[in-house]
2 protein chains.
Amino acid sequence: MKFEAVTIKDIAKALGLSTSTVSRALRDSYEISPETKKVVLEYAEKLNYHPNPIALSLKERRSRSIGVIVCEIANSYFSQVINGIESIANTNGYNVIISQSHESAEKELVNLQYLTSRSVDGLIISVSTETKDFNYFNELHDRGMPIVFFDRIVDEIQTHKVIADNFKGAYDATTHLINSGYKRIATLCNTVFLSIGKERLAGYQAALKDHGLEPDESLIRYCQHGGMVAEEMDQAMDELFTLQNPPDAIFAAADKLTTGCLRALRAKGLSVPEDVGLIGFSNSELTELLNPSLSVIRQPAFEMGEVATSLLLELIESKRPVTDFQSRVLTTEMILRSSTRMQKTHSKPVIS
Amino acid sequence: MKFEAVTIKDIAKALGLSTSTVSRALRDSYEISPETKKVVLEYAEKLNYHPNPIALSLKERRSRSIGVIVCEIANSYFSQVINGIESIANTNGYNVIISQSHESAEKELVNLQYLTSRSVDGLIISVSTETKDFNYFNELHDRGMPIVFFDRIVDEIQTHKVIADNFKGAYDATTHLINSGYKRIATLCNTVFLSIGKERLAGYQAALKDHGLEPDESLIRYCQHGGMVAEEMDQAMDELFTLQNPPDAIFAAADKLTTGCLRALRAKGLSVPEDVGLIGFSNSELTELLNPSLSVIRQPAFEMGEVATSLLLELIESKRPVTDFQSRVLTTEMILRSSTRMQKTHSKPVIS
DNA sequence: TATTTTTACGCAATCGTTCCCGGTATCGTG
DNA sequence: CACGATACCGGGAACGATTGCGTAAAAATA
């Protein structure tokens, strides 16, 4: 099956004009007489003519499309970011090609090569948790491909970056747990090879320190796959709760870790917030409806998408090489609900 | 900034060959000597040459990209479908351009025009709840654009369609509520202008009839916006629970309606499943963790995406016009949890 | 009337690739 | 030795659109 669109040549032939004249008429050039313009415009309108974007891309050496790589769109945070990206991109005549790494460095590289071979004009990337080798990003960037990192950024590459205030978010969450009366606060976090892992861990540690709590390495559990693999989380939770001195609260440093943590706690028969307090990063709309309703740190995801895209379009449309790169940090929001509401009496209530 | 890729012309010039020879060498033509091939291939490899897909698209009059229109990717069901679409598309060398209608017919049309003007080779569409006018779809389809509808299909257009067994899903859910002892079963459903609305409503009604329950129009509430607008849902729930004879169970016919319904019930202080039983269509991963854990009808979303894409690629790559269109119906899965577990004693327990 | 200026349009190159024609060697065969 | 076959490679058109340049006719000027 072929979907044949009407071309400038069709119009030219039908009207007995040259393609140049038609092209100029459509672009309202001063070199074309008003009568000719009128005829061409009306005929084009009648045939529902639209310039072939592929031909334009070839001529102008730009595709007017941007590539996005995230670990997965099913994650609320990323789908919200993508909404922000689309809103800015579409109003500027760009389209968005989304691809998912599913936290695999290998798939990320494939997607990266695929997107660049499809000649996108720029990239918006949140790296996978596995990614340790930034050579390809670097090479691409050096060759002039505009790139903006967000969320999981890479320090080694000098370009625009957009992140939430991960340190503050983690610091606030941990402080809230402390203020609620919890004493042994554990954290489930991403690998420190990931920027968000590092920053959120630092916020957690700083909060403990500032409030006079002893840091305890055994209370820090890393999830290499960021919660994508259930076994990994279960193991981390098992380790935590077979300690002689198990935690009485958990700060989960990422969306999937937060809900995964709740899942594990329920599987263990531990009740929240009585046995264990729980707070974590999450952008899910459903956290309010969970059992118990979750206290969360929420990132301004939509806005992050908007900012990242604006910065990328600046990069793309800049006439001369940009050397002055920005790192935008947007503030997180803490929403307090039942999962951190410690009871005075530490009795074990009935699990509903 | 410009990202300059190496072209066939660069290779030809560097090697003192013509572009035709280089092109043929790269495509392993029999007309080229093994030595020349070797030289060209090695040089191309060294320079990391990749054929310009835009030039190819222009030449071959196909973009090797497919457009997807859904109401929103933040919806678990759709993000899972998209995963299915991507898996098939990518392995076949197609890329996927996703756009969201946000349940607006106007935005849907804009996206449609945008995607076709970007010359996608085909479209996978789940129509918005607002869409009443199918002229543009029809016109596109008549002009030879391959289209596959899924989930929310349109009867007026003869093409491949992929849906879940909505009737059976709704029938099973309603039957389960009846078997659990609920007597006055209400439904929150989409507009019947939507195929899923019609089919699921029919399943609900058939189940009532088959089990000897009187149909009651006042127990059927339509949400025009499919749960996107909170006020609409709240109003529907208000109407339901100000009835002299309010419902004791609800079947929610869509993802957002199901969680929205739970939200509204909790706001009203009604406990589930004691005061009101609840089951609904949902593909969210979190329904198990909700308060209470939700009984749901789950659609094989990933598989639906796969099937839709396979059918679309068939359409695209078919040499001659296809007239034999398929409608694939995949079975739903019912997952029973606490929200439909009616207590023997109808006492009001403490809300946790 | 002769010349210059303006108006309005066409020709052809270009983007990167493929492919239909050619063409020129080299070899084998009669 | 002559001719055809084969192997190997280049020229150029095409895909759809833009654009610099050339130029005819018409209008304005001398």
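- Within the nucleic acid shown, A:K59 comes within 4.0 Å of at least one base atom, counting heavy atoms only.
- One can place CG of A:L56 at 13 Å from C1' of D:dC15, the figure rounded to the nearest angstrom.
- Distance alone, capped at 3.5 Å, is enough to place a donor-acceptor pair between the A:Y114 side chain and the B:N95 backbone.
- A:S57 comes within contact range of no nucleotide atom at all, as no heavy-atom separation falls under 4.0 Å.
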Pairs under 3.5 Å (N/O, protein and nucleotides 10-12 of chain D):
residue : atom : partner : partner atom : Å
D:dG10  : OP1  : B:S18   : N            : 3.4
D:dG10  : OP2  : B:S18   : N            : 3.0
D:dG10  : OP2  : B:S18   : OG           : 3.0
D:dG10  : OP2  : B:T21   : OG1          : 2.1
D:dG10  : O6   : B:R24   : NH2          : 2.8
D:dG11  : N7   : B:S20   : OG           : 3.3
D:dG11  : O6   : B:S20   : OG           : 3.3
D:dG12  : O6   : B:S20   : OG           : 3.2

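- One interatomic measurement links the two molecules: CG of A:D28 to P of C:dA8, which rounds to 13 Å at whole-angstrom precision.
- At whole-Å resolution of the value, NE2 in B:H50 and C1' in C:dT17 are 16 Å apart.
- Within the nucleic acid shown, B:T7 comes within 4.0 Å of sugar-phosphate atoms alone, with no base atom in reach, counting heavy atoms only.
- B:H160 places no side-chain N or O within donor-acceptor distance of the main-chain N or O of B:F325, the cut-off being under 3.5 Å.
- Relative ring orientation between B:F150 and B:Y77 is described as tilted, the plane-to-plane angle lying within the 30° to 60° band.
- When side chains are defined from C-beta on, A:R328 does not count as touching A:I163, because their heavy atoms never get closer than 4.5 Å.
- When the side-chain nitrogen and oxygen atoms of B:K9 are compared with OP1 and OP2 of C:dT14, none of them lie within a distance under 4.0 Å.
- The residue among B:S33 and B:L58 whose nearest nucleotide of DNA chain D lies closer to the 5′ end is B:S33.
- Looking at heavy-atom distances under 4.0 Å, B:S23 makes contact with a base.
- Here the side chains of A:I66 and A:I316 are in contact, with some heavy-atom distance below 4.5 Å.
- A salt bridge is absent between B:K46 and B:E42: the closest approach of a Lys/Arg side-chain nitrogen to an acidic carboxylate oxygen does not fall below 4.0 angstrom.
- When rounded to the nearest whole Å, the span between CD1 of A:I54 and C1' of C:dC15 equals 14 Å.
- For the side-chain contact (heavy atoms from CB on, under 4.5 Å) test, residues two or more places apart in sequence or in another chain that qualify with B:L47 are B:V6, B:Y43.
- When the P atom of D:dC8 is taken as reference, atom OH of B:Y30 falls 11 Å away, rounded to whole Å.
- Within 4.0 Å of B:Y49, counting heavy atoms only, lie sugar-phosphate atoms of the nucleic acid but no base atom.
- A salt bridge links A:K37 with A:D28: the distance from a Lys NZ or Arg NE/NH1/NH2 to an Asp or Glu carboxylate oxygen falls below 4.0 Å.
- Rounded to whole Å, atom P of D:dA17 lies 5 Å from atom CG of A:N52.
- Between B:D151 and B:V81, every side-chain heavy-atom pair lies at or beyond the 4.5 Å cut-off.
- In this structure, A:R61 atom CZ and D:dG16 atom C1' are separated by 17 Å, rounded to whole Å.
- In this structure, the side chains of A:I124 and A:F149 stay at 4.5 Å or more apart for every pair of heavy atoms.
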Dot-bracket line, read 5' to 3' along DNA chain C, where crossing pairs take [ ] and | marks a partner on another strand, Watson-Crick or G-U under 3.5 Å: ||||||||||||||||||||||||||||||
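- As rounded to whole Å, 11 Å separates atom P of D:dT19 from atom CD1 of A:I8.
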